[in-house]
Amino acid sequence: MDLTRREFLKICAGSAVALGISQICIPEVVEALERAAAGNPPVIWLEGSGCTGCSVSLLNTSHPKISELLLKIISLKVHPTLMSASGDRVILSMEKTAEEAKGKFILIVEGSIPVAENGMYATLGEKNGRPVSLLEWTKKLGRNAKYVIAVGTCASYGGVPAGAPNPTGAKGVGEILGRKVINVPGCPPHPDWMVGTLVHLILYGLPKLDENRRPTLFYRFLLHENCPNYSFYIHQKFAKNVSEEGCLVKQGCKGPLTYADCPLRLWHNGVNWCIGASAPCIGCVQMEFPDGMSPFYGWPERKR
Amino acid sequence: MAKKIITIDPITRIEGHLKVELEIEEGKVIDARSSGTLFRGFEIILKGRDPRDAQQLTQRACGICSASHATAASLTLESAFRVRPPSNARIIRNLVTGANFLQSHILHFYLLAALDYFTGPEKPPFIPRFKGDFRLSKQMNKDYLDHYLKAMEVRRKIHDMIAIFAGKMPHHVSFVPGGVTEKPTVDKIVSFLWRLRESIDFIENIYVPDVLRIADIYKDYSKIGRGCGNLLSYGAFDLDDRGRKKLFKRGRFTDGKIEKMNSGKITEDVRYSWYEKKISGKNPKDSDTLPAPGKAGAYSWLKAPRYAGKPYELGPLARMWVNGDYRKGISVMDRHIARALETKKIARAMEEWVLQLRPGRRIYVSCRVPKNGQGIGLTEAPRGALGHWIKISNSRIARYQIVTPTNWNCSPRDDKGEPGPVEKSLIGTPVADPENPIEVMRIIRSYDPCMACSVHLIVPGRGLSEFRVC
């Protein structure tokens, strides 16, 4: 890809905002991104048992804008909702990228992977008249990718499709692949978490991950302790209903179980966030979501 | 020319996983079958949970129309809990859901459908692409690309706007049975109104004219893809607290007449779906889902919803038609035009609604989960009529059924052998080059299919080659 130095610095500035770190534009980093961007890292985006919500959240990225991400930072070879071609051309693009950019492309998976019935609950394309499962695609592409990113709680840990009784045997990508993946959970994840992780990989390589393989950059904060309602909690002022002022813990808020920077970063360019709208956090970034967070508007009897 | 069977899998630039099989003879589609290729089992997962969780979980059926699932679930729970939300809550729901229609329709035209009419830059994800009759001049093509990029920004900003009253998008948190959680204060009202006006500027000065121009250049597509010709709308956007007056009326159009709509007449046929025969023709309220994998003659995991035994098309065209706002024709281009005009209509209505909010007044009435009960919630999603049905036993979800618009539009043949609307639209269509069936893509995408939404309770089968969505 051809980037002028000027354009490049613009991206760099955008990335700095996305990552929330100002040191990003030091000269050697500039050079690194320039080198990386010149190659325009190829990306394959697969969708398993998902709802496209992570893709929609990615479209909500503001710095860089989605158009900048697509045209200037990555080369999005395959994406079910955005790509122009359909049918066998999609399959060819995947196979070609996996072969030509072996060990270089980034695989992003949205949605969990159903493994029951040999993975036939989610298929993509056909080979010799037989549908090919997402399970098969994930394994095949996952083997040859430089990095594998699981976006969303479904791809990270199974998420809603893996909710009891998990009718399709849905699993997270990390559990399926015999290699380590980077999890960016959330239902959906904040666009900054996805873009930030992607740019981190391009610029610096693997970010520091917690024990659930999430970038600590975004997921190290206990939500409850950083919540603006925390002082209400300290003073034992609890909301008697959702929509009311006070700590929402007694309304089922899962902030005390949740690690994410939502209260600090806020959503939609600072417009709002879940607890900001006086609604309880449902712990959507956690491995235990949804079963371990259910009921959302209360607590299981034994935990009371 | 010999008969040729082509399979297009995946169909991209729709929401979710869809595969289409076509039989082409002498340059025309003579048969069409659509099948979903993903099943998640949402209705099984919902069973046994706290009913209030449905409002959050059903949103996860679809990342594009999550706000409509939240509306349908809230209505369903409120009908089971026997509670009515206050005016402010009704208005906030209309604003949140309405704004999501705006972003969904803009996303659909530019990001999903328009790349069948203009060509993007020569780099992924815009290449590879099907070859076809791209008829725009170089300058016009450039304009559409600019508008495509602008549309990405506008729809993002609309999601920012929704977050004012909904916390975040997609999968927002603000709707609960009994009302909403976010209070209308003057700063939020003002911020919402000015953001809305910014989007109206794009809708009226760029989106609507762009659609009309494409419809003019591709005039022949006003004669293509008619489908079943029956139109159905559950109606949406209550204008009074009792829901008697709506921005879009409830009703249907068949045999040249507008008729009333009664949810009791909705049934689901399964002769060509992998379910046991005995549940065929049941209303979702009483329906059970007894899968019969490998059933002879079946080819889809989608049931075939019918109204009084007939297939119906749902979506913006159906809403606008039933409401009397647009009755020019039923075709690929009519669907795009109706969708664009509907966007404008909703945006202008929202401008009035936001000023009807009353700061300081109630937004929520508290309610309890009953021990037993039943509920129904009928509303409209951007893609058409959406219904949820619940049965509560021992304060838990005993049964939850969702019938989505794409269930209707992409349905297989019914018990009488009548094809679903999309299938019917495809049959008879000329295809110039079976290697590049762009005509087929244009027809399918005019319906704005949302496969992830089409959820049903299904149990695994063995030896199946095709699986339906969710």
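Excluded from the calculations below are hydrogen atoms, water molecules and symmetry mates; all remaining heavy atoms, backbone and side chain alike, are included. Bear in mind the structure is a predicted one, so any value in this text is a computation, not a measurement. Order of the sequence lines sets the chain letters (A, B, ...), proteins ahead of strands, with each chain counted from 1.
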> Can you name the closest pair of heavy atoms from A:P188 and B:K168 and give their distance?
Replying inline: CD-CE, 3.7 Å
>> Do A:N40 and B:K123 have side chains that approach each other closer than 4.5 Å (heavy atoms only, starting at C-beta)?
In response: no
> Mind checking what makes salt bridge (charged side-chain N to carboxylate O under 4.0 Å, His left out) contact with B:R195, not counting sequence neighbours?
Replying inline: none
>> Under the side-chain hydrogen bond (donor to acceptor under 3.5 Å, both in side chains) definition, can you give me all pairs with a residue in residues 79-88 of chain A, not counting sequence neighbours?
In response: A:S55-A:H79, A:S86-B:T12, A:S86-B:R445
> Are any non-hydrogen side-chain atoms of A:L59 and B:R155 less than 4.5 angstrom apart?
Replying inline: yes
> If contact means a heavy atom pair closer than 4.5 Å, which residues of residues 177-185 of chain B contact chain A?
Replying inline: B:V180, B:T181, B:E182, B:K183
>> What part of B:I162 gets within 4.5 angstrom of chain A, counting heavy atoms only: side chain, backbone, both, or neither?
In response: neither
>> Does any backbone or side-chain atom of A:S93 lie under 4.5 Å from a heavy atom of chain B? Answer side chain, backbone, both or neither.
In response: side chain
> Partners of B:P382 by side chain to side chain contact (heavy atoms under 4.5 Å, CB included), sequence neighbours excluded?
Replying inline: B:C65, B:S68, B:F101, B:S104, B:H105
>> Would you say that A:W273 contacts B:V173 through its side chain, given a criterion of any heavy-atom pair below 4.5 Å between the two side chains?
In response: no
>> Would you say that B:P124 contacts A:V78 through its side chain, given a criterion of any heavy-atom pair below 4.5 Å between the two side chains?
In response: no
>> Is B:S191 in contact with chain A via its backbone, its side chain, both, or neither, using a 4.5 Å heavy-atom distance?
In response: neither
> Which bit of B:M441 comes within less than 4.5 Å of chain A, counting heavy atoms only: side chain, backbone, both or neither?
Replying inline: side chain
>> If I measure from the heavy atoms of chain A, does B:R49 come under 4.5 Å with its side chain, its backbone, both, or neither?
In response: side chain
> Are B:F130 and A:R89 side-chain neighbours, meaning at least one heavy-atom pair lies under 4.5 Å?
Replying inline: yes
> Just wondering, do B:F126 and A:L71 contact through their side chains at under 4.5 Å, heavy atoms?
Replying inline: yes
> Side chains of B:M152 and A:K65: closer than 4.5 Å at any heavy-atom pair?
Replying inline: no
